[in-house]
Amino acid sequence: MKLIISKQLLIAIFGGKSPGNGSRPENEWKMNDYVKRIAAVRGMMLNHGWDALVLSGSDPHSSEYVSSRDQQIKWLTGYTGEGQLVLTQDHCGIWTDSRYFILASRELPLSGSVLHKTRVPGEVTIPKWLSEYSAGRGPFVVAVDSLCHGASEVGEIIDALGDGGRVFGIPDILDSLWTDRPEIPRTPIITLGTEQVGWSRTQKLSWLRRWLRERNLDAILLTALDEIAWTLNVRGNDVDYNPVVMSYLLVTEGDATWFVRKGLPDDDDSETVDSFEELAMDGVSIRNYSEVSASLAALADGDSISSIFIDPSTLNFKLEQALADEDSLLRVVRGDSPVILRKAVKNEVEKAFMREAHLEDGIAMERFLHWLETSVQSGEPVNERDAADKLHEFRSCIEGFRGESFETISAYGANAALPHYVTPEEGSDEIFPKGLYLCDSGGQYLFGTTDITRTVPLGPCTPLEMEDYTLVLKGHIDLAKATFPKGTAGCQIDAVARQPLWNSMRNFGHGTGHGIGFYLNVHEGPLQIRQNFNRQAILPGMITSDEPGIYREGRWGIRHENLLLAVEAGSNDFAAWMRFETLTLCHFDTSAVVKELLDASEIKWLNDYNERVYRTLAPRLEPEVAQWLRLKTLPL
């Protein structure tokens with residue numbers, strides 16, 4: 001898209017100042033596409049009488065990862081990280097957490113946007129900022145994209161503004177300017193059998209209906225994409241890295257209606273047609289994705305059901321409005337979707353396949369690390385993108401591989417200090433036989449999802465690099481070997497992984513662990529191991545990452561990550577106990593370890609783990625790779 005905007009309009013909108021914070025004169029900021037787009041949006045705001053525009057950075061399903069269609073903040077400002085945006089006539093702010101502070105400092109100047117830090121002491125949230133900004137300005141109007149803004153988030157803004165403000169929800173609010181905006185994704189749909197997931201869709205729908213009956217409810221609307229995919233045992237590729245399908249699911253006692261953008265079955269590919277037929281045999285009817293709002297409005301106006309359950313954390317504001325008929329007798333009950341917790345507790349079939357996925361993934365990882373080390377040390381030119389592509393090549397050889405579970409972070413040296421570094425397609429940094437290289441990656445397989453980070457020394461490291469490397473590994477090991485009472489929440493054991501760093505007055509800004517889906521989203525709730533309070537207990541069958549780190553801007557970043565399965569560890573007079581089973585199979589390089597910083601139990605865990613990796617993977621590896629791995633896994 002090319003916007004034609006006069007210099008006079010830009011000056012009128014910005015007052016001769018930069019588009020972000022008004023601190024620089026006009027001739028000091030570049031008239032790039034992002035500046036022009038912000039100017040055009042401000043012009044639209046003036047025409048409609050909007051004092052502020054808020055963009056969520058999400059999609060109609062409150063997803064973490066979104067399709068190119070819903071990357072509105074990226075299109076408007078050039079910022080590629082996660083976050084939310086507030087635009088007024090004199091301010092453009094991005095709200096994001098510490099994972100993206102460094103990235104934001106590099107990218108926000110493109111548009112003159114200002115960073116607002118979240119999850120930090122003294123944080124000013126968007127609702128609070130809008131309340132303070134609007135004070136004394138008279139009636140204050142805020143516009144939001146009602147499709148891509150969650151109902152609960154909009155509710156917080158409405159509450160913060162009080163009687164002095166109004167919030168308008170406009171679906172696809174940027175469409176008039178973003179003329180080449182991508183379409184809603186449409187990719188082939190597949191179904192998974194009971195032998196793959198352990199529980200058929202009819203069993204899942206029966207469980208969901210029983211849940212409704214127990215609460216005297218008539219219907220439930222599922223809006224989170226991974227919850228729908230889990231319930232119907234379907235997978236797609238509508239969102240990069242997440243095998244989900246853009247859709248909504250309405251379940252009543254007698255019906256299950258799937259609103260999905262696939263048109264009529266005879267318009268789709270044969271794989272999708274077969275999937276639709278299979279779903280129809282199980283009592284699932286297919287309707288067009290765009291019909292969901294009208295269908296909900298009809299429920300609110302009619303008498304077919306008297307109550308419906310929704311999760312406001314994933315319901316978008318537009319659908320909330322469709323249900324908000326004041327004259328309706330429909331009772332709308334709000335709460336956490338029951339699917340979130342049920343999906344997080346893996347059954348025996350899923351656990352078995354996840355172990356297989358990590359075995360296959362471990363083979364690919366060891367082949368990759370062998371290739372990387374031998375190539376770099378032999379003097380062969382290798383850059384970060386070469387490494388990411390090579391790892392993809394190794395994973396692609398695994399039968400059932402369906403793509404990465406997120407964009408591979410291939411970062412050498414100072415680039416690894418960005419926890420969510422994006423490896424450039426062109427011109428990425430060369431990797432040399434010294435210092436540390438970090439690779440955070442994962443695979444989506446028909447039989448599971450993986451997520452692994454390895455930071456590896458490729459040559460001489462400084463004493464501080466080795467100390468950081470060891471302390472992070474020490475924290476990783478301490479969490480992996482932890483035993484804790486049943487009922488313990490993730491926030492209660494987060495400090496286990498941080499304590500070695502805290503003892504040296506070091507820390508990291510992201511969470512220590514997140515839940516993992518089964519051939520689904522690499523990040524899933526409700527389990528989290530982080531400092532933020534979360535009352536959800538760690539339950540047997542849940543899978544979490546274990547990924548402490550340390551980041552020194554401009555120097556290096558270190559993260560060690562495995563996936564852990566929560567299992568029962570017996571009981572006694574004190575409690576029922578739990579521990580973790582490590583699923584990931586890939587050695588930890590001990591050449592950068594400062595042995596004196598580890599205690600005897602940590603050394604034993606590390607030696608035992610590396611020995612297990614060798615004995616499990618060596619029979620499946622090429623002789624030269626197995627021999628290399630033997631040397632890498634010798635006892636510390």
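Looking at Asp218, its side chain does come within 3.5 Å of a backbone N or O of Ser307 through a donor-acceptor pair. Within the 3.5 Å criterion, the main-chain N or O of Lys74 finds no donor-acceptor partner in the side chain of Thr77. Side-chain N or O atoms of Ser113 include none that pairs as donor or acceptor with a backbone N or O of Ile94 at under 3.5 Å. At distances below 3.5 Å, at least one donor-acceptor pair connects side-chain atoms of Thr231 with backbone N or O atoms of Glu227. Counting only distance, with no hydrogens or angles, the side chain of Asn415 and the backbone of Tyr421 share no donor-acceptor pair below 3.5 Å. Judged by distance alone, the side chain of Arg498 and the main-chain N or O of Phe508 form a donor-acceptor pair under 3.5 Å. In this structure, the side chain of Asp238 engages the main chain of Met246 through a donor-acceptor pair within 3.5 Å. Under the 3.5 Å distance criterion, the side-chain polar atoms of Ser58 are matched with a main-chain donor or acceptor of Ser63. Judged by distance alone, the side chain of Ser405 and the main-chain N or O of Thr449 form no donor-acceptor pair under 3.5 Å. Using a distance-only test at 3.5 Å, with no hydrogens or angles considered, a donor-acceptor pair links the side chain of Thr96 to the main chain of Glu82.
Heavy atoms only, all atoms of each residue included: Ala219 and Thr252 are closest at CB-CG2, 3.7 Å. Summarising the geometry of Ala52 relative to Thr88, their closest heavy-atom pair is CB-CG2, 4.0 Å, with the distance given to 0.1 Å. The minimum heavy-atom distance between Tyr551 and Ala417, with the atom names listed, is CB-O, 3.6 Å. Residues Phe533 and Arg535 approach most closely at CZ-CB, 3.9 Å, considering heavy atoms. The two residues Thr423 and Thr408 make their nearest non-hydrogen contact at OG1-O, 3.7 Å. Closest approach of Ser146 and Gln321 over heavy atoms only: CB-OE1, 4.2 Å.
Asp172 pairs by the side chain to side chain donor-acceptor pair (under 3.5 Å) definition with Arg69, Arg181, not counting sequence neighbours. Checked against side chain to side chain donor-acceptor pair (under 3.5 Å), Tyr241 has no partners two or more places apart in sequence or in another chain.
Considering only heavy atoms from C-beta on, Trp50 stays 4.5 Å or farther from Leu87 through its side chain. Looking at heavy atoms from C-beta onward, Leu174 lies in side-chain contact with Leu55 at the 4.5 angstrom threshold. Val86 places a side-chain heavy atom less than 4.5 Å from the side chain of Trp95. The shortest distance between side-chain heavy atoms of Asn242 and Leu225 does not fall below 4.5 Å. At least one side-chain heavy atom of Gln536 sits less than 4.5 Å from a side-chain heavy atom of Leu341. Counting heavy atoms from C-beta outward, Leu103 and His420 have side chains that stay 4.5 Å or more apart. With a 4.5 Å cut-off on side-chain heavy atoms, Phe259 and Leu296 do not count as touching. Annotation: side chain of Asp440 is in contact with side chain of Asp451 (closest heavy-atom distance under 4.5 Å).
Taking NE2 from His61 and CG from Leu319, the interatomic distance works out to 8.5 Å, rounded to the nearest 0.5 Å. Expressed to the nearest 0.5 Å, how far CD1 of Ile340 lies from CD of Glu524 amounts to 10.0 Å. Atoms OG and CZ, from Ser131 and Phe140 in turn, are 10.0 Å apart once rounded to the nearest 0.5 Å. Note that CD1 of Ile102 is 4.5 Å distant from CG of Leu418, once rounded to the nearest 0.5 Å. Atom CG in Asp51 sits 10.5 Å away from atom CG in Leu130 (nearest 0.5 Å). The OG atom of Ser56 sits 9.0 Å away from the CD1 atom of Ile126 when rounded to the nearest 0.5 Å.
Heavy atoms from other residues, nucleotides or ligands lying under 6.0 Å from CG of Asn532 number more than 12. The neighbour count for Glu553 CD, taken as heavy atoms of other residues, nucleotides or ligands under 6.0 Å away, does not exceed 12. For Lys318, the NZ atom sits in a loose shell: 12 or fewer heavy atoms of surrounding residues, nucleotides or ligands are nearer than 6.0 Å. The number of heavy-atom neighbours closer than 6.0 Å to CZ of Arg106, taken from other residues, nucleotides and ligands shown, is 12 or below. Environment of CD in Glu183: sparse, with no more than 12 heavy atoms of neighbouring residues, nucleotides or ligands closer than 6.0 Å.
Donor-acceptor pairing under 3.5 Å is lacking for the side chains of Glu64 and Asn521. Asp255 and Thr257 form no side-chain donor-acceptor contact under 3.5 Å, judged by distance and modelled atom types alone. Side-chain contact, Glu547 with His510: no donor N or O sits under 3.5 Å from an acceptor N or O. Using modelled atom types, one finds no donor on one side chain facing an acceptor on the other under 3.5 Å when comparing Thr118 with Asp97.
By the 30° and 60° cut-offs, the orientation of the rings of Tyr79 relative to Tyr100 is perpendicular. Ring pair Tyr248/Tyr289 is parallel by interplanar angle, where below 30° counts as parallel and above 60° as perpendicular.
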Check step by step if side chain to side chain contact (heavy atoms under 4.5 Å, CB included) holds for Gln71 and Val66. CA-CA 7 Å; Gln71 294 174 9; Val66 300; 3.7 Å; yes
Worked verdict on Gln84 versus His149 for side chain to side chain contact (heavy atoms under 4.5 Å, CB included): CA-CA 10 Å; Gln84 296 188 318; His149 226 110; 4.3 Å; yes
Could you walk me through whether Val245 and Leu232 pass side chain to side chain contact (heavy atoms under 4.5 Å, CB included), step by step? CA-CA 11 Å; Val245 182; Leu232 295 180; over 6 Å; no
Would you check, one step at a time, whether the test salt bridge (charged side-chain N to carboxylate O under 4.0 Å, His left out) holds for Glu123 with Lys128? CA-CA 10 Å; Glu123 166 190 10; Lys128 183 178 180 182; over 6 Å; no
After noting the C-alpha distance and the side-chain angles of Ser337 and Thr314, does the key distance pass the side chain to side chain contact (heavy atoms under 4.5 Å, CB included) rule? CA-CA 9 Å; Ser337 167; Thr314 58; over 6 Å; no
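Ion pairing of Arg334 with Glu320 is present here, as a side-chain N (NZ or NE/NH1/NH2) and a carboxylate O approach within less than 4.0 Å.
The side-chain tip of Arg137 points at the ring of Tyr133 from less than 6.0 angstrom away and within 45° of straight on.
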